[in-house]
Amino acid sequence: VARFAQKNSLTGFEWAVGIPGTLCGAAFMNANGYGSKMRNVVEEVYAVSIDGEIDKVYGWDDLHYGESDSVFMHNGDVIYGVKLHLAMGDSEKIKAEMDDHQQSRRAKQPLEKRSAGTMYLRPPGYHVGPMIKACGLIGFAIGDAEVSTKHADFVVNNGNASCEDVLAVLHEVQRRVKEKFGVHIPLDVRAISYGGESIECNFFQTLGRLTMVQIREWLLGVDGVSSCYEAFSDVEEWRKRYWKIYCLLYTSPSSRDVE
């Protein structure tokens, strides 16, 4: 989306270049970078209710954006579209700014290794990286999950780190920082279908991150794409219930006759 905006001489979204994820996901959690946030460019968000029955249009005032927060993180609605408000600009200047952001990310972040990006939210008045460093946790590892030596907010996968490894590192960092500074650092990531968390809530938080093909294959029961949903007690009932949402999001009106 950032590249498309640049090619069409639209400015205001340069900061988002290189951020992994989807536009709907960015609107969901008010993604941010280089001094800007989604709340600065979102005009409207289009969503369906959790049961697939109600199509909604959210204006800016309805989004209740906060620090990595929005109304969608609390109401379960599924985002399927976002309208951005951008201004006309100079395509070459926009590209130059985006190139600077990309160069800065490569220099400061461990992009050469697998990770889920920055893992913690910054508590007001504190910076997470220096606290992690002061706790002696740079390079701390459990299995192949390691606190990055390049950027302390990242936990990288050095080979075969499991979900359990990554979460164990995250929680140990939280514990040690709390012990030393008396400050809780919240996670900026969410575990999906892990540790007995709400599967229904996590299903909808994840839906916006999947591709159309992945969603369709899961609903149709293709093997190998539903590993993160194995904890559902009645998968067939979930497929039946949420097929309607798939139709609303990804099909033409003529093909929405499947219940």
Side-chain angles (χ1 to χ4, degrees), residues 1-102 104-105 116-118 121-122 124 186 188-190 201-212 214-215 242 244-253 256:
V1 176
R3 293 293 184 192
F4 177 86
Q6 178 263 318
K7 290 176 182 177
N8 288 273
S9 301
L10 295 171
T11 184
F13 209 51
E14 293 89 335
W15 59 272
V17 67
I19 296 178
T22 66
L23 181 62
C24 292
F28 173 84
M29 56 83 67
N30 191 23
N32 66 89
Y34 292 98
S36 192
K37 300 178 181 181
M38 284 299 292
R39 64 175 296 165
N40 297 337
V41 294
V42 169
E43 184 170 318
E44 289 181 341
V45 174
Y46 311 102
V48 291
S49 59
I50 195 168
D51 58 7
E53 295 291 343
I54 303 174
D55 203 341
K56 302 180 182 180
V57 178
Y58 286 82
W60 191 90
D61 290 334
D62 304 318
L63 299 172
H64 303 298
Y65 274 138
E67 189 69 25
S68 295
D69 191 28
S70 77
V71 66
F72 304 106
M73 299 180 80
H74 308 282
N75 68 8
D77 285 357
V78 182
I79 300 173
Y80 66 85
V82 180
K83 182 179 181 180
L84 302 180
H85 178 75
L86 303 175
M88 293 303 299
D90 183 289
S91 179
E92 290 304 314
K93 290 182 179 179
I94 294 169
K95 183 178 183 300
E97 182 177 341
M98 291 167 61
D99 290 345
D100 286 344
H101 292 334
Q102 287 287 71
S104 174
R105 284 196 171 96
T118 54
L121 295 174
R122 185 168 69 87
D188 197 23
V189 293
R190 297 191 174 203
C201 178
N202 282 331
F203 174 78
F204 283 103
Q205 290 162 357
T206 308
L207 185 60
R209 304 188 184 104
L210 301 180
T211 67
M212 178 179 69
Q214 287 173 316
I215 294 171
Y242 295 110
K244 184 178 294 184
I245 287 181
Y246 170 82
C247 290
L248 285 171
L249 293 178
Y250 297 117
T251 65
S252 63
R256 293 178 184 172

Notebook entry, point to check: Are H64 and D69 linked by a side-chain donor-acceptor pair shorter than 3.5 Å?
Noted result: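 Result is no, nothing qualifies.
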Notebook entry, point to check: Can K93 and T11 be said to form a side chain to side chain contact (heavy atoms under 4.5 Å, CB included), step by step?
Noted result: CA-CA 9 Å; K93 290 182 179 179; T11 184; over 6 Å; no
Check: Aromatic rings Y34 and H101: how do their planes relate, parallel, tilted or perpendicular, breaks at 30° and 60°?
Finding: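 Rings of Y34 and H101: parallel, under 30°.
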Next item on the list: Keeping the roles fixed (side chain from N30, backbone from S70), state whether a donor-acceptor pair exists under 3.5 Å.
Entry: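 Such a contact is absent between N30 side chain and S70 backbone.
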Note to self: I'd like to know if the side chain of Y80 reaches the main chain of C24, judged simply by a donor and an acceptor atom lying under 3.5 Å from each other, with no hydrogens or angles considered.
What the structure shows: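 No, Y80 side chain to C24 backbone: no donor-acceptor pair under 3.5 Å.
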Atom of [X], atom of [Y] and distance for their closest heavy-atom approach:
X	Y	value
A47	Y58	CB-CE1, 4.0 Å
I19	N32	CD1-O, 3.9 Å
S91	S9	CB-OG, 3.5 Å
M29	M73	CA-SD, 4.0 Å
A16	A2	C-CB, 4.4 Å
R105	V17	NH1-O, 2.5 Å

Note to self: For a side chain to side chain contact (heavy atoms under 4.5 Å, CB included) check, start with the C-alpha distance between L84 and L23, then their side-chain angles and the critical distance, and finish with the verdict.
What the structure shows: CA-CA 10 Å; L84 302 180; L23 181 62; 4.2 Å; yes
Next item on the list: Evaluate whether atom NZ of K7 has more than 12 neighbouring non-hydrogen atoms of other residues, nucleotides or ligands under 6.0 angstrom away.
Entry: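 Not buried by this count: 12 neighbours or fewer within 6.0 Å.
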Notebook entry, point to check: Hey, are the side chains of V71 and D62 touching, using non-hydrogen atoms and a 4.5 Å cut-off?
Noted result: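 They are not in side-chain contact.
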Checklist line | Sub-4.5 Å side-chain heavy-atom contact between D100 and E14 | finding: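 SC-SC contact between D100 and E14 ruled out.
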Which distance, rounded to the nearest 0.5 Å, do you find between the [atom1] of [X] and the [atom2] of [Y]?
X	Y	atom1	atom2	value
I94	L10	CD1	CG	6.5 Å
Q6	E97	CD	CD	11.0 Å
M38	S68	CE	OG	12.5 Å
F72	I79	CZ	CD1	4.5 Å
K83	Y46	NZ	OH	5.0 Å
D55	D77	CG	CG	10.0 Å

